[in-house]
Amino acid sequence: MNKGLFVGSFDPFTIGHASIVRRALPLFDHIIIGVGVNERKKYMLDAEERVGRIKRLYADNSKIEVKAYSDLTIDFARREQATYIIKGVRSVKDFEYEREQADVNRLLSGVETIFLYAEPQLSSISSTMVRELQHFGRDISEFLPKGY
């Protein structure tokens, strides 16, 4: 089975993330959305809430599974028998960071990373930007998938 692992903190899961999942679906038999939990990081939503919301989005799609994890992505990938890590890239800055991560992940585990570039109209949307808007009382619904 060709299994992809799409990982991130997804705090919150944006329309940009949903676009990557939609575009990755034809490439894989199964996709696991891995919701990262880092105890050193402060989240808007706890892991249970993030996982639950994303599960509801994809409840009708048997090809998608959503799980939280708190260890290294490569260990999670090995445990889930993922053949690839899927990463979305919005900018050159994202690319450099993700390329370094991909190199280390491949070196340590042999797991390859596939990059999907953000659709141009979504390239400025980030979870950080959405959290900032929400912090200042702005409506963020246009940046979140319907049903999230």
How far does [atom1] of [X] sit from [atom2] of [Y], to the nearest 0.5 angstrom?
{"X": "Gln81", "Y": "Leu5", "atom1": "CD", "atom2": "CG", "result": "12.5 Å"}
{"X": "Ile33", "Y": "Ile54", "atom1": "CD1", "atom2": "CD1", "result": "6.0 Å"}
{"X": "Arg131", "Y": "Met129", "atom1": "CZ", "atom2": "CE", "result": "10.5 Å"}
{"X": "Ile114", "Y": "Ile20", "atom1": "CD1", "atom2": "CD1", "result": "11.5 Å"}
{"X": "Gln121", "Y": "Ser19", "atom1": "CD", "atom2": "OG", "result": "7.5 Å"}
{"X": "Glu119", "Y": "Arg23", "atom1": "CD", "atom2": "CZ", "result": "5.0 Å"}

Verify same cluster id: [X], [Y] (apolar side-chain graph, 4.5 Å):
{"X": "Phe95", "Y": "Leu116", "answer": "no"}
{"X": "Val7", "Y": "Val21", "answer": "no"}
{"X": "Val35", "Y": "Tyr43", "answer": "no"}

Relative to the ring of Phe76, is the ring of Tyr69 parallel (under 30°), tilted (30 to 60°) or perpendicular (over 60°)?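 Tyr69 and Phe76: parallel rings.
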
Near [X] [atom1], under 6.0 Å, is it more than 12 heavy atoms from other residues, nucleotides or ligands?
{"X": "Arg79", "atom1": "CZ", "answer": "yes"}
{"X": "Asn38", "atom1": "CG", "answer": "yes"}
{"X": "Glu49", "atom1": "CD", "answer": "yes"}
{"X": "Lys55", "atom1": "NZ", "answer": "no"}
{"X": "Glu96", "atom1": "CD", "answer": "yes"}
{"X": "Tyr84", "atom1": "OH", "answer": "no"}

Pair Asp103 + Arg99, salt bridge at N-O below 4.0 Å: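 Yes, Asp103 and Arg99 are salt-bridged.
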
Determine, step by step, whether Thr73 and Val111 satisfy the side-chain contact (heavy atoms from CB on, under 4.5 Å) criterion, reporting the C-alpha distance in whole Å, the side-chain angles of both residues, the deciding distance to 0.1 Å, and the verdict. CA-CA 10 Å; Thr73 297; Val111 175; over 6 Å; no

Worked check of side-chain contact (heavy atoms from CB on, under 4.5 Å) between Leu27 and Ile86: CA-CA 10 Å; Leu27 305 174; Ile86 304 162; over 6 Å; no

I need the minimum non-hydrogen distance between [X] and [Y], along with the two atoms involved.
{"X": "Lys3", "Y": "Ile32", "answer": "CD-CD1, 3.7 Å"}
{"X": "Ala118", "Y": "Ser123", "answer": "CB-CA, 4.0 Å"}
{"X": "Asn2", "Y": "Thr83", "answer": "OD1-OG1, 3.0 Å"}
{"X": "Phe10", "Y": "Arg50", "answer": "O-CD, 3.4 Å"}
{"X": "Val37", "Y": "Ala68", "answer": "CG2-CB, 4.2 Å"}
{"X": "Ile85", "Y": "Asn105", "answer": "CD1-ND2, 3.8 Å"}

Would you indicate whether the side-chain heavy atoms of [Y] and [X] approach each other to under 4.5 Å?
{"X": "Tyr58", "Y": "Ile31", "result": "no"}
{"X": "Met44", "Y": "Pro12", "result": "yes"}
{"X": "Val104", "Y": "Ile74", "result": "no"}

Measure from the side-chain N and O atoms of Lys87 to the backbone N and O of Asp94, and report whether any donor-acceptor pair falls under 3.5 Å.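 No; judged by distance alone, with no hydrogens or angles, the pair does not exist.
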
Could you go step by step and tell me if Leu45 and Arg53 meet the side-chain contact (heavy atoms from CB on, under 4.5 Å) rule? CA-CA 10 Å; Leu45 301 169; Arg53 287 180 178 208; 3.9 Å; yes

Is it the case that Asp11 and Ser127 place a side-chain donor and acceptor less than 3.5 Å from each other?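 Side-chain D/A pair, Asp11 to Ser127: absent.
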
